[in-house]
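Here the structure is a predicted model, which is why all the values come from computation and not from measurement. In this chain, numbering begins with 1 at the start of the sequence shown. All ligand and atom numbering here is 1-based and tracks the order in the structure.
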Amino acid sequence: MVDYDPNIIQTIEDDRPRIPVGLLSREEKDRLIERGFLGLYRWYVAKSQEKRNWNPDLSFDWRAFRKDHSPEVVRILEGFFAVEQYVPDYVTTLLRVIRKSHGRSHFHIRWGAEEERHAELWHNAVLFSGQRDGEWLRGYMGDLRANMWQLPWDDPIHMIFYTVFQERATQVNYLNLGVIARGKSELEMFANDADPILDAACRTIAADEAAHYNFFLEGARLYMYYYPTKAIEAMSDVIKYFAMPAGNIIPNYDRFAELVHKAAIYGPREHAKDVVQVALKNLGVAGRKALENGIKRSRLVPDENGNLRETAVFEGIDFQFIQSAVQRIFGRIEGHERESGLWEVDPTPFVPNYA
Ligand SMILES: [Fe+2]
Ligand SMILES: [Fe+2]
């Protein structure tokens with residue numbers, strides 16, 4: 001029997017990763033992410049048709065929209081209209097990147113249809129405010145569409161995180177305009193802006209943005225679970241360089257950004273507290289610092305055949321939370337597939353990546 005030096009044994013023991021190591025091959029992980037997206041998309045469409053099937057022309061009593069809103073509210077409506085105006089670019093640019101994924105590309109088309117109705121909703125709000133006419137709006141649309149929106153990142157994993165933060169930010173914007181529309185703003189400039197029609201519009205559109213946020217969040221969790229290193233690196237990049245869509249191409253966007261900031265709708269404070277902090281929590285990350293530490297600690301370790309396997313980062317990132325969330329995603333998909341019968345012909349079961 002060979003007498004091993006106990007120090008060597010100890011060194012090997014110390015070097016062993018204390019973190020769960022991924023079990024699945026790259027192909028299997030890609031397959032599971034794809035199946036996850038597809039199942040989620042099918043579930044999403046059913047829910048969307050059942051619960052959020054509204055129409056931008058007929059679901060609101062536009063004739064009763066106030067004609068005497070403050071100039072600030074009208075400028076905010078105009079700004080929201082502008083941001084939603086680039087929906088053809090939002091759809092086509094990313095669609096090219098994700099076109100091979102059945103689940104993601106089909107979801108993206110559905111998502112685009114829901115964003116398109118947002119553009120129409122704000123179009124109507126601006127028009128029925130009585131302070132801009134159709135001629136002006138058409139001219140403004142022409143100015144906006146003279147520029148084309150470009151993808152901030154051109155890979156699927158960065159874009160899933162971008163859409164997580166962007167959808168949450170949009171939801172926060174609309175919810176906070178809703179505060180003004182309910183007459184609950186503490187700011188003097190909005191003292192006379194209560195409007196039940198605008199309130200209903202904000203609630204309706206914010207519910208769509210919440211649904212979008214949730215879909216992208218679940219997609220991000222799939223990546224966090226199966227590709228944690230790549231996922232947290234992408235997430236960190238997105239947080240560092242995040243900007244609202246089309247801010248760089250909308251004419252006079254700075255003035256709009258300043259206004260929504262002053263209006264307590266969306267500024268650095270709302271972004272940090274209501275967007276980044278919330279999304280990080282929903283992704284099992286304790287905070288921005290934890291994310292940076294996670295990146296430093298994540299690494300690849302060889303398995304018994306010498307293949308590099310990904311390790312699940314642990315400090316500051318609640319991996320158990322992510323695993324449970326991903327199990328819930330597949331549980332939800334199973335529920336939908338059992339209801340439709342898909343489960344009997346082509347089921348989408350959860351496959352764990354960690355022992
Ligand atoms: Fe939207
Ligand atoms: Fe959205």
Side-chain angles (χ1 to χ4, degrees), residues 37 40-41 43-45 47-49 51-57 59-60 76-95 97-98 103-126 141 144-145 149 151-153 156 158-178 181 198-220 238 242-247 249-250 253 256-257 260 265-266 270-271 274-276 278-279 282:
F37 269 112
L40 260 178
Y41 153 68
W43 170 87
Y44 178 96
V45 173
K47 284 282 166 294
S48 169
Q49 289 177 325
K51 293 187 191 295
R52 293 181 296 106
N53 197 16
W54 56 272
N55 179 284
D57 297 336
S59 299
F60 308 95
I76 291 164
L77 297 175
E78 238 179 72
F80 288 164
F81 166 78
V83 176
E84 299 277 7
Q85 205 45 229
Y86 294 92
V87 61
D89 302 334
Y90 300 149
V91 174
T92 51
T93 48
L94 186 54
L95 201 52
V97 174
I98 55 178
R104 252 186 106 172
S105 65
H106 285 202
F107 171 77
H108 198 62
I109 294 167
R110 172 73 48 171
W111 169 86
E114 294 186 355
E115 295 297 350
E116 158 275 311
R117 66 183 173 184
H118 298 173
E120 303 307 341
L121 179 142
W122 295 128
H123 180 276
N124 285 347
V126 174
M141 249 176 103
L144 293 168
R145 295 212 181 177
W149 182 78
L151 281 180
W153 279 276
H158 274 85
M159 280 310 294
I160 198 89
F161 285 100
Y162 179 77
T163 47
V164 167
F165 291 99
Q166 172 267 317
E167 291 291 343
R168 175 73 193 172
T170 315
Q171 185 198 1
V172 166
N173 269 277
Y174 297 158
L175 286 173
N176 286 336
L177 178 61
L198 180 57
D199 180 28
C202 289
R203 281 174 202 264
T204 304
I205 199 167
D208 273 9
E209 305 300 10
H212 297 168
Y213 169 71
N214 276 307
F215 181 92
F216 292 122
L217 180 70
E218 300 293 31
V238 167
F242 183 84
M244 283 301 273
I249 50 174
I250 293 171
Y253 186 82
F256 170 69
V260 286
I265 287 179
Y266 180 76
E270 288 78 17
H271 183 72
D274 301 331
V275 177
V276 175
V278 169
N282 291 158

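Tyr44 has its ring centre no less than 6.0 Å from the ring centre of Phe37. Close placement of the Tyr253 and Phe256 rings is indicated, their centers lying within 6.0 Å of each other.
With sequence neighbours excluded, no residue satisfies salt bridge (Lys or Arg N to Asp or Glu O under 4.0 Å) with Glu167.
At least one donor-acceptor pair under 3.5 Å links the side chain of Asn124 to the backbone N or O of Pro56.
His118 has its closest N, O or S atom to the Fe ion (ligand 1) at the position named ND1. Summary: OE2 is the N/O/S atom of Glu84 found nearest to the Fe ion (ligand 1).
Defined by atom type and a distance below 3.5 Å, a donor-acceptor pair is missing between the side-chain atoms of Glu84 and His123.
Rounding to 10 degrees gives 90° for the angle at the Fe ion (ligand 2) between ND1 of His212 and OE2 of Glu115.
Residue contact annotation: Glu209 places an N/O/S atom under 2.8 Å from the Fe ion (ligand 1). For the Fe ion (ligand 1), the N/O/S atoms of Glu167 include none lying under 2.8 Å. At a cut-off of 2.8 Å, Asp208 is not counted among the residues with an N, O or S atom near the Fe ion (ligand 1).
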